[in-house]
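Structure, as structure tokens:
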There are 2 protein chains.
Amino acid sequence: MKQSPSPAPSPDLAASRLRAAGLRSTRQRKALAALLFDSAGHKKCRHVTAEALHTEAVDAGIQVSLATVYNTLHQFTIAGLLREVVVDAGPSCFDTNTSDHYHLYNENTGELTDLSARRIRITGLPRLPAGAEVSRVDVVVRMRRRST
Amino acid sequence: MKQSPSPAPSPDLAASRLRAAGLRSTRQRKALAALLFDSAGHKKCRHVTAEALHTEAVDAGIQVSLATVYNTLHQFTIAGLLREVVVDAGPSCFDTNTSDHYHLYNENTGELTDLSARRIRITGLPRLPAGAEVSRVDVVVRMRRRST
DNA sequence: GTGTTTGCAAAGTGTTTGCAATTTA
DNA sequence: TAAATTGCAAACACTTTGCAAACAC
């Protein structure tokens, strides 16, 4: 599969990204960051579980333990590089899209898609008690094949 | 508390509710249904975890196993008596309010409150592919103490 | 009676953690 | 070299399941 001179998934792009986020740039973090953020052929927005990312890394010949993948995903999330998404029970999902957006969840396939928050408008939200603020509004549109 | 002719916390109300839902009325189900739907002094809308409901039942002198509580909560959910709510990882929550509504989640306390869907309007949702339908739109407003 | 439900304990997920060895800055 | 990170395996939290005994109808 390593066929042409086309650049291997970003040489030190990952490293600088890590630095910018205040994280030490280790072999494992660089590799995972490259998979998450820089791989060509990937859509901009990825939704991965720890398990899936670990498999992907191992398949790509990257030696990293599942525990480290978990830890790394959380560190990336805290650093603001990822956002954790909860649609239902089961493995939690990490989203490379950290901008303001919502989700479309396909109940039949489990597929998760981003919905730009630009088009969607939510009105009538309640006034919060003083001293409180909205940290985020999560919206999940659940869709399925029409049954009736 | 059984003072007036006013009915004690629903004698067979729970039983008939179960029948209506097509569930056999067993001792455990009746007791759990009574706790969930009929207890005086409770708010109309309850958000319980399996663990919490089990504890509550045991404290009330009801003999029931945690496994049965889990099973019963799912049966109630399938029967449309409850709705499962996911706000984040951790134990899943069951909501006695099955009407159309959203949730306010207090990140500091973990408290979950219902938001009537009547006031809230969501516009700009995407058109779905033919043959697909929206099964539900989940909205969670996450609030916290103002930090900045 | 017959099919359903229960409870237990065991197995199953998905995730976190303690700690020695390794790596980074 | 000091501090952070890794990997393993064990622990963990939450949930489901297999199966025999108990129960509802």
Side-chain angles (χ1 to χ4, degrees), chain A residues 12 14-35 47-58 61-79 81-82 84-95 110 112, chain B residues 11-12 14-35 47-58 61-79 81-82 84-94 110 112:
Chain A
D12 299 81
S16 52
R17 208 189 300 265
L18 290 173
R19 290 289 170 64
L23 294 168
R24 277 199 185 179
S25 111
T26 68
R27 177 176 57 77
Q28 292 87 338
R29 286 181 187 163
K30 279 186 287 192
L32 295 176
L35 283 178
H47 300 101
V48 291
T49 63
E51 187 69 46
L53 184 59
H54 181 242
T55 300
E56 188 180 343
V58 170
I62 298 160
Q63 195 189 37
V64 61
S65 74
L66 180 57
T68 295
V69 173
Y70 272 105
N71 291 333
T72 302
L73 286 173
H74 282 137
Q75 289 150 1
F76 283 10
T77 301
I78 291 169
L81 300 174
L82 292 176
E84 195 168 356
V85 183
V86 179
V87 280
D88 57 9
S92 48
C93 217
F94 295 83
D95 189 344
L112 197 60
Chain B
D12 301 82
S16 52
R17 209 188 300 263
L18 290 173
R19 291 288 171 64
L23 295 168
R24 274 199 188 183
S25 112
T26 68
R27 179 176 56 77
Q28 291 88 337
R29 287 180 186 162
K30 278 186 287 190
L32 295 176
L35 283 178
H47 300 101
V48 291
T49 62
E51 188 69 46
L53 183 60
H54 180 243
T55 300
E56 187 180 345
V58 169
I62 298 159
Q63 196 189 35
V64 61
S65 74
L66 180 57
T68 295
V69 173
Y70 272 105
N71 292 333
T72 302
L73 286 173
H74 282 137
Q75 290 150 0
F76 284 9
T77 301
I78 291 168
L81 300 174
L82 291 176
E84 196 167 355
V85 182
V86 179
V87 278
D88 56 10
S92 47
C93 217
F94 295 82
L112 197 60

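Side chains included, hydrogens not; waters and symmetry mates left out as well; all remaining heavy atoms used. We name chains A, B, ... by the order of the sequence lines, and we start the count at 1 in each one.
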Between CD of A:E84 and P of C:dG14 the distance, given in whole Å, is 14 Å

Would you compute the distance between atom CG of B:L32 and atom OG1 of B:T68 and round it to the nearest 0.5 angstrom?
8.5 Å

In this structure, how many angstroms lie between the C1' atom of C:dT15 and the CG atom of A:L66, rounded?
9 Å

Check this one for me: any side-chain N or O of B:H74 less than 4.0 Å away from OP1 or OP2 of D:dT16?
yes

Could you check whether any side-chain N or O of B:R27 sits under 3.5 Å from a backbone N or O of B:Q63, counting only pairs where one atom can act as donor and the other as acceptor?
yes

Closest to side chain of A:T68, choosing from D:dT6, C:dT6, C:dA25:
D:dT6

Figure out the CZ/C1' separation between A:R19 and C:dT24, and round it to whole Å.
9 Å

Flag side-chain contact, heavy atom, 4.5 Å: A:T77 against A:F94
yes

Whether B:Q28 contacts C:dG7 is assessed here as follows: a side-chain N or O lying under 4.0 Å from the phosphate OP1 or OP2. Is that the case?
yes

Exactly one of A:T72, A:V69, A:L73 clears side-chain contact (heavy atoms from CB on, under 4.5 Å) with A:H54, and that residue is A:V69

With a 4.0 Å cut-off on heavy atoms, is B:T49 in touch with a base, just the backbone sugar-phosphate, or nothing at all?
nothing

Applying a 4.0 Å non-hydrogen cut-off, can you work out what A:Q63 is touching in the nucleic acid: base, sugar-phosphate, or nothing?
sugar-phosphate

Euclidean distance, atom CG of residue A:D88 to atom P of C:dG14 [Å, nearest integer]
11 Å

Any donor-acceptor pair under 3.5 Å between the side chain of A:R24 and the base of C:dT24?
yes

Measuring to OP1 and OP2 of D:dT16, would you say a side-chain N or O of B:Y70 lies under 4.0 angstrom away?
no

What integer distance in Å separates B:R27:CZ from D:dA21:P?
19 Å

Rounded distance in Å - NE2 (A:H54) to P (D:dT6):
13 Å

Any side-chain heavy atom of A:L23 sitting closer than 4.5 Å to one from A:F76?
yes

Nearest whole Å is fine: how far is D:dA22 P from B:N71 CG?
19 Å

Closest-nucleotide mapping onto DNA chain D: is B:P91 or A:T26 further toward the 5' terminus? I mean the 5' end.
A:T26

Expressed in angstrom and rounded to an integer, what is the separation of A:I62 atom CD1 from D:dT5 atom P?
19 Å

Pairing partner of D:dA24, by Watson-Crick or G-U wobble and under 3.5 Å for both distances, is C:dT2

Which comes earlier along DNA chain D counting from the 5' end, the contact point of A:S65 or that of B:E51, where each point is its nearest nucleotide?
A:S65

Watson-Crick/G-U partner (both atom distances under 3.5 Å) of C:dT22
D:dA4

Among C:dT15, D:dT16, C:dT5, which is the nearest nucleotide to the side chain of A:S92?
C:dT15

To the side chain of A:R29, which of D:dT6, D:dA9, D:dT15 is closest?
D:dT6

Is the shortest heavy-atom distance from the side chain of A:R24 to the side chain of A:R19 under 4.5 Å?
no

